[in-house]
Each structure stands twice: as C-alpha cells, then as structure tokens.
Peer 1: 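Structure incoming, see below.
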Amino acid sequence: RRVLFRSRGACFYFINDGLFIRPSDKDNPLKKIILILKFDEANRMVQALSRRQKDTLALKLMHALKGQKLNWGTWMPSWINFVKEPQPHYEWETQKYKTLMRLVDGVVNHKPLNAIARELNEDTVPCFVWGKTWCAAGIRVILRNPALLGTFRYMAHIVKDYYPAAVTPEVWARLQVRVAIPH
C-alpha cells in the first residue's frame with residue numbers, strides 16, 4: 001500500500017512518540033516511512049483485537065448453544081437482567097417488563113403503534129435504552145424480537161427457551177401479523 005500526502009490532507013499526531021506529520025511533509029522520505037510503519041502497526045493491532053473478539057464470541061456462543069446462561073451485555077433484551085449468583089440465570093427487569101406487557105397488550109387489542117407510542121410518551125414512560133421518545137418503528141423492533149418467546153438468536157444460531165418467555169407462541173404469532181402491517 002502507498003500512503004499519499006495531499007495538500008488538503010490530514011495531519012497525524014502520534015502521542016507515544018510526539019511525532020507530528022503534516023501534508024507539507026509529503027517530500028520527507030523518513031516521515032513517509034514512519035507513517036507507513038505506524039499505519040501497519042495500527043492495522044496489525046486492530047486485526048489482533050478483532051480476532052480476540054471473534055474468539056470470545058465464538059466461545060460464548062458455544063456455551064449458549066449448550067444452554068448455559070451468559071451475560072451478553074447490550075446484546076441481551078433490555079427487559080431481561082443477567083443474574084450471576086447463586087447460579088447464572090435471567091430475571092425480568094421489572095419496570096421494562098411492565099412496559100413490554102403494555103406494548104404487547106396494546107397491539108393484541110388492535111391499538112395502532114403510533115397510539116401506543118403517544119400514550120407512553122404522554123405517561124413519560126422511559127424508552128428501552130435507545131432514544132428519548134417512543135415511536136412506532138421502535139415498538140415494531142421490540143415486538144419482532146424473538147426473545148419475547150424466550151429465543152436467543154445470534155446470527156444464524158438459535159436457542160429456544162433460553163430467556164424467560166414474555167409471550168406464548170399464539171400471542172407471538174398475533175404480534176407478528178400486527179407489526180407486519182406498515183401503518
């Protein structure tokens with residue numbers, strides 16, 4: 001790979017070395033070599049971190065496929081908490097579970113998603129992790145999550161009855177029909 005300096009290009013400051021490279025250094029062969037070596041080092045470090053993360057996820061997935069309960073952090077449904085002691089298991093996050101049941105009840109009773117969102121916002125019910133206000137699209141994402149059935153899904157891997165189920169298969173089917181309607 002070639003690293004080219006452009007007059008309108010970026011400046012690079014390497015904190016560890018106190019080295020500052022400007023676009024005006026484009027004719028300095030030593031700084032070009034240093035920049036290439038620094039980028040190569042950074043690239044190798046990112047690849048090593050990526051490999052470690054993939055290996056960790058593969059190991060966690062292997063345990064999850066065997067039914068072992070693990071803390072998936074932000075990948076877990078927001079209405080479920082991981083409890084490590086005395087034995088690893090999942091429990092409902094009480095307030096979020098109540099809100100989830102309010103969503104499910106509204107949809108099952110044919111209430112439009114926009115109306116549900118409006119009511120939640122009027123009642124100042126906090127959103128699940130993302131965003132400040134409820135909207136139909138956010139509710140649709142939640143209600144399409146197979147974790148409602150207790151199913152863990154990571155890429156193509158599926159483990160049924162992994163989480164505590166919030167709805168029955170019949171209610172799940174009704175929800176999917178309702179949230180498939182765009183408006």
Side-chain angles (χ1 to χ4, degrees), residues 1-93 95-97 99-100 117 121 125-160 162-164 179:
R1 272 188 206 157
R2 267 176 81 179
V3 176
L4 300 175
F5 294 91
R6 301 192 192 290
S7 59
R8 63 183 187 280
C11 295
F12 298 96
Y13 179 67
F14 298 95
I15 296 171
N16 292 346
D17 306 325
L19 178 65
F20 190 70
I21 299 178
R22 298 174 182 81
S24 60
D25 294 329
K26 66 182 177 198
D27 297 325
N28 184 331
L30 181 59
K31 287 196 175 181
K32 276 185 178 180
I33 291 170
I34 290 171
L35 188 60
I36 290 168
L37 291 173
K38 290 290 184 185
F39 281 164
D40 184 58
E41 178 185 354
N43 188 42
R44 279 186 273 114
M45 189 182 321
V46 167
Q47 287 176 345
L49 288 172
S50 176
R51 258 191 319 276
R52 277 190 241 153
Q53 185 179 26
K54 286 177 184 173
D55 291 347
T56 299
L57 285 173
L59 187 60
K60 284 180 93 169
L61 180 60
M62 181 183 73
H63 290 294
L65 291 171
K66 293 178 183 176
Q68 186 176 352
K69 309 301 184 200
L70 302 165
N71 186 352
W72 287 92
T74 58
W75 291 353
M76 286 185 355
S78 58
W79 58 87
I80 295 176
N81 289 326
F82 174 74
V83 180
K84 191 172 184 173
E85 299 294 331
Q87 253 185 314
H89 66 284
Y90 300 109
E91 291 179 353
W92 303 115
E93 203 290 342
Q95 273 314 113
K96 290 182 180 178
Y97 180 74
T99 303
L100 179 68
N121 290 326
V125 175
C127 288
F128 291 178
V129 184
W130 43 262
K132 296 180 181 178
T133 59
W134 288 95
C135 65
I139 293 171
R140 185 174 281 111
V141 167
I142 291 168
L143 297 178
R144 284 184 174 164
N145 188 337
L148 286 172
L149 274 174
T151 300
F152 167 78
R153 182 178 65 193
Y154 177 76
M155 298 176 80
H157 304 282
I158 294 173
V159 181
K160 293 185 180 201
Y162 187 73
Y163 297 120
V179 298

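The figures that follow rest on heavy atoms only: side chains count, while hydrogens, waters and symmetry mates do not. Throughout, residue positions are numbered sequentially from 1 according to the sequence presented.
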Peer 1: Using 0.5 Å steps for rounding, measure from the CG atom of Asp40 to the CE atom of Met45.
Peer 2: 11.0 Å
Peer 1: To the nearest 0.5 angstrom, please state how far the OH atom of Tyr90 sits from the CG atom of Asn81.
Peer 2: 11.0 Å
Peer 1: Closest heavy-atom contact between Glu85 and Val83?
Peer 2: O-CG1, 3.3 Å
Peer 1: Nearest 0.5 Å, please: how far is CG in Leu61 from OG1 in Thr56?
Peer 2: 12.5 Å
Peer 1: Can you tell me how far OG of Ser78 sits from CG of Asn145, rounded to the nearest 0.5 angstrom?
Peer 2: 8.5 Å
Peer 1: Under a 4.0 Å N-O cut-off, is there an ion pair linking Arg51 with Asp55?
Peer 2: no
Peer 1: Looking at Pro77 and Ala147, what are the two nearest heavy atoms and their distance?
Peer 2: CG-CB, 3.3 Å
Peer 1: Considering non-hydrogen atoms only, spot the tightest contact between His63 and Leu70 and give its length.
Peer 2: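 So the minimum-distance heavy-atom pair works out to CB-CD1, 3.9 Å.
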Peer 1: Step by step, work out the side-chain contact (heavy atoms from CB on, under 4.5 Å) result for Trp79 and Leu148.
Peer 2: CA-CA 10 Å; Trp79 58 87; Leu148 286 172; 3.9 Å; yes
Peer 1: Would you confirm whether Asn28, through its side chain, and Lys31, through its main-chain N or O, come within 3.5 Å as a donor-acceptor pair?
Peer 2: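 It does hold such a pair.
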Peer 1: Nearest heavy-atom pair of Val159 and Ala64: which atoms, and what distance?
Peer 2: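 Looks like CG2-O, 3.7 Å.
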Peer 1: Are the aromatic ring centres of Trp134 and Phe128 under 6.0 angstrom apart?
Peer 2: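 Yes, the ring of Trp134 comes within the 6.0 Å limit of the ring of Phe128, centre to centre.
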Peer 1: Can you tell me how far apart CD (Glu91) and OH (Tyr97) are? Round to the nearest 0.5 Å.
Peer 2: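 Glu91 CD to Tyr97 OH: 13.5 Å, rounded to 0.5 Å.
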Peer 1: Can any side-chain N or O of Asp25 pair as donor or acceptor with the backbone N or O of Arg22 at less than 3.5 Å?
Peer 2: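 Flag set: sc Asp25 to bb Arg22 pair under 3.5 Å.
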Peer 1: Output all residues satisfying ring pair (Phe, Tyr, Trp, His ring centres under 6.0 Å) with Phe152, sequence neighbours left out; order by chain, then residue number.
Peer 2: Trp72, Tyr162
Peer 1: Does Asn43 use its side chain to pair, donor to acceptor, with the backbone of Phe39 at less than 3.5 Å?
Peer 2: no
Peer 1: Any side-chain heavy atom of Ile21 sitting closer than 4.5 Å to one from Phe14?
Peer 2: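 They are in contact (side-chain heavy atoms under 4.5 Å apart), so the answer is yes.
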Peer 1: Answer yes or no: is there a donor N or O on one side and an acceptor on the other, between the side chain of Lys60 and the main chain of Asn71, under 3.5 Å?
Peer 2: yes
Peer 1: Please indicate whether Gln87 has more than 12 foreign heavy atoms, meaning atoms of other residues, nucleotides or ligands, lying under 6.0 Å from its CD.
Peer 2: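 Check fails, neighbour count at 12 or below.
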Peer 1: Is it the case that Lys38 places NZ or CZ above or below the six-membered ring of Phe12, under 6.0 angstrom from the centre and within 45 degrees of the axis?
Peer 2: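 No cation-pi geometry.
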Peer 1: Report the distance from atom CD1 of Ile158 to atom CG of Leu65, rounding to the nearest 0.5 Å.
Peer 2: 10.5 Å
Peer 1: Under the ring pair (Phe, Tyr, Trp, His ring centres under 6.0 Å) test, which residues partner Phe20, sequence neighbours left out?
Peer 2: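 Partners of Phe20 under the ring pair (Phe, Tyr, Trp, His ring centres under 6.0 Å) test: none.
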